[in-house]
Amino acid sequence: MDFINMFSLKGKNALVTGASYGIGFEIAKALSNAGATIIFNDVIEENIKKGLAAYKENNINAHGYLFDITDEQSVKENIKKIESDVGIIDILVNNAGIIQRKPMLETTAADYRKIIDIDLTGQFIMAKAVLPSMIKKGHGKIINICSMMSELGRETVVGYASAKGGLKMLTKNICSEFGEKNIQCNGIGPGYIATPQTAPLREIQPDGSRHPFDQFIISKTPAGRWGKPDDLAGAAIFLASDASNFINGHILYVDGGILAYIGKQP
């Protein structure tokens with residue numbers, strides 16, 4: 001058995017939603033390095049331009065499309081266009097999402113619906129749009145970017161945790177319904193990842209101490225550090241490749257061990 005080629009994505013088309021920057025961009029880079037052709041989307045045209053420039057800087061010839069994952073008709077039209085321009089999507093990474101940190105009693109129903117719409121309904125719409133061609137081709141990979149909040153609750157993220165818990169079950173349901181069609185749907189649950197967005201939470205304080213939230217995360221993580229974006233690369237390549245062809249409905253948590261750990265005794 002050729003183990004190296006089991007992980008190759010050469011000749012595969014990978015659509016990573018919301019991958020103009022951040023974790024989605026890093027996952028797309030990893031898939032490209034494994035041989036995949038990269039397609040991404042964003043809802044802001046300027047982000048598409050910046051994303052294309054960033055991919056070019058990394059010697060990646062990516063294809064960017066402007067559409068909203070919560071708009072079912074627009075998604076259908078753009079998937080059809082992608083199939084015409086680039087080819088059938090072999091790998092869908094449902095990465096796009098938002099988070100709102102606000103106490104539950106201050107969260108409006110409109111706030112809650114918006115998060116559910118983007119972080120859960122949009123993933124359903126995207127999967128539904130790519131599945132017919134995957135079924136026709138006889139194989140496909142869907143990777144949902146879940147979260148530790150797919151398993152845990154935490155104050156101020158009621159909408160996000162609800163959506164990510166739902167996304168875990170959407171992952172299992174897609175597995176249940178389309179597994180016999182040789183479609184594998186799995187999830188990646190990132191831990192706390194060091195990105196520009198989380199940089200303020202890791203700033204050294206004026207007295208030389210760690211930020212309180214940084215201290216909290218380090219104390220709860222057996223690895224003793226925040227994750228790096230490229231810590232997600234191996235998981236993404238594995239779940240996108242033939243190496244995971246008999247793995248389905250699984251959430252792979254890349255969290256440095258947080259979910260396995262109760263924490264140190266005070």
Side-chain angles (χ1 to χ4, degrees), residues 16-33 40 42 44 46-47 50-51 53-55 57-58 93-104 106-107 111 115 118-119 143-165 167-168 187-237 251-266:
V16 186
T17 63
S20 298
Y21 56 90
I23 287 175
F25 180 79
E26 295 298 328
I27 288 174
K29 281 203 306 180
L31 299 182
S32 174
N33 288 336
F40 71 99
D42 205 292
I44 300 173
E46 186 62 27
N47 285 347
K50 289 179 179 178
Y55 283 110
E57 286 177 9
N58 285 272
V93 181
N94 270 322
N95 166 76
I98 62 170
I99 187 170
Q100 180 187 66
R101 295 180 175 88
K102 186 185 290 187
M104 180 171 173
E106 296 175 17
T107 301
D111 291 334
I115 297 166
I118 295 171
D119 290 3
I143 303 172
N144 292 324
I145 303 304
C146 296
S147 165
M148 291 187 300
M149 298 301 107
S150 296
E151 301 289 344
L152 300 173
R154 188 166 186 274
E155 64 277 8
T156 76
V157 291
V158 62
Y160 182 80
S162 298
K164 292 301 185 178
L167 187 56
K168 176 183 72 172
I188 295 175
Y192 284 91
I193 306 296
T195 64
Q197 288 84 356
T198 61
L201 300 175
R202 290 177 283 107
E203 287 181 349
I204 298 299
Q205 302 302 287
D207 64 0
S209 65
R210 290 179 180 271
H211 187 288
F213 191 79
D214 188 17
Q215 293 180 38
F216 168 70
I217 294 305
I218 296 301
S219 72
K220 293 292 185 183
T221 308
R225 66 174 177 86
W226 288 62
K228 305 185 299 293
D230 60 11
D231 284 323
L232 300 170
I237 292 169
I251 313 300
L252 177 53
Y253 290 99
V254 185
D255 65 355
I258 291 179
L259 288 174
Y261 186 48
I262 195 171
K264 293 180 181 179
Q265 182 178 340

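Keep in mind that this is a model prediction, so the values were computed, not measured.
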When rounded to the nearest 0.5 angstrom, what distance separates OG1 in T156 from CE in M104?
-> 12.5 Å
Those residues at least two apart in sequence (or on a different chain) that pass side chain to side chain donor-acceptor pair (under 3.5 Å) with K102 are D111
Any residue meeting side-chain contact (heavy atoms from CB on, under 4.5 Å) with A235, in chain and number order, not counting sequence neighbours = I188, L252, V254
Who pairs with I98 by side-chain contact (heavy atoms from CB on, under 4.5 Å), at least two apart in sequence or on another chain?
-> K114, I115, I118, D119
Going from CG on L167 to OG on S162, what distance comes out if it is rounded to the nearest 0.5 angstrom?
-> 12.5 Å
For residues Y253 and S150, report the shortest heavy-atom separation together with the two atoms involved.
-> OH-CB, 3.6 Å
In this structure, CG of D230 is separated from CD1 of I23 (nearest 0.5 Å) by 11.5 Å
With sequence neighbours excluded, tell me which residues meet side-chain contact (heavy atoms from CB on, under 4.5 Å) with E46.
-> I44, K49, K50
About how many Å separate CG of L31 and CD1 of I143, when rounded to the nearest 0.5 Å?
-> 6.5 Å
Separation between CD of E151 and SG of C146, rounded to the nearest 0.5 Å = 9.0 Å
Where is the tightest heavy-atom contact between A19 and A28, given as atom of each residue plus distance?
-> CB-CB, 4.5 Å
Any residue meeting side chain to side chain donor-acceptor pair (under 3.5 Å) with N144, in chain and number order, not counting sequence neighbours = N94, T171
Would you please name every residue forming a salt bridge (Lys or Arg N to Asp or Glu O under 4.0 Å) with K29, sequence neighbours left out?
-> E26
Do the non-hydrogen side-chain atoms of F25 and P229 ever get within less than 4.5 Å of each other?
-> no
Go through the structure and list residues passing ring pair (Phe, Tyr, Trp, His ring centres under 6.0 Å) with Y21, not counting sequence neighbours.
-> none
Quick one: side chain to side chain donor-acceptor pair (under 3.5 Å) partners of R202, sequence neighbours excluded?
-> T198
State whether the side chain of S209 and the backbone N or O of Q205 hold a donor-acceptor pair below 3.5 Å, judged by distance alone.
-> no
Please identify each residue that fulfils ring pair (Phe, Tyr, Trp, His ring centres under 6.0 Å) with Y192, with sequence neighbours left out.
-> F213, W226
Crowding at CZ, R101 (>12 non-hydrogen neighbours, <6.0 Å) | no
Can you find a pair of side-chain heavy atoms, one from I27 and one from I145, that are under 4.5 Å apart?
-> yes
What residues, two or more places apart in sequence or in another chain, satisfy side chain to side chain donor-acceptor pair (under 3.5 Å) together with R225?
-> D231
Residue set satisfying side-chain contact (heavy atoms from CB on, under 4.5 Å) with K220, at least two apart, ordered chain then number -> F216
Work out which heavy atom in G24 is nearest to a heavy atom in Y55; give both atom names and the distance.
-> O-OH, 4.5 Å
For S219 and Y261, which heavy atoms make the closest approach, and how far apart are they?
-> O-CE2, 3.5 Å
All heavy atoms of S147 vs all of K164, minimum pair found to be CB-CG, 3.7 Å
Any donor-acceptor pair under 3.5 Å from T17 side chain to N95 backbone = yes
Do the side chain of S20 and the main chain of N47 share a donor and acceptor less than 3.5 angstrom apart?
-> yes
Who are the salt bridge (Lys or Arg N to Asp or Glu O under 4.0 Å) partners of R210, not counting sequence neighbours?
-> D214
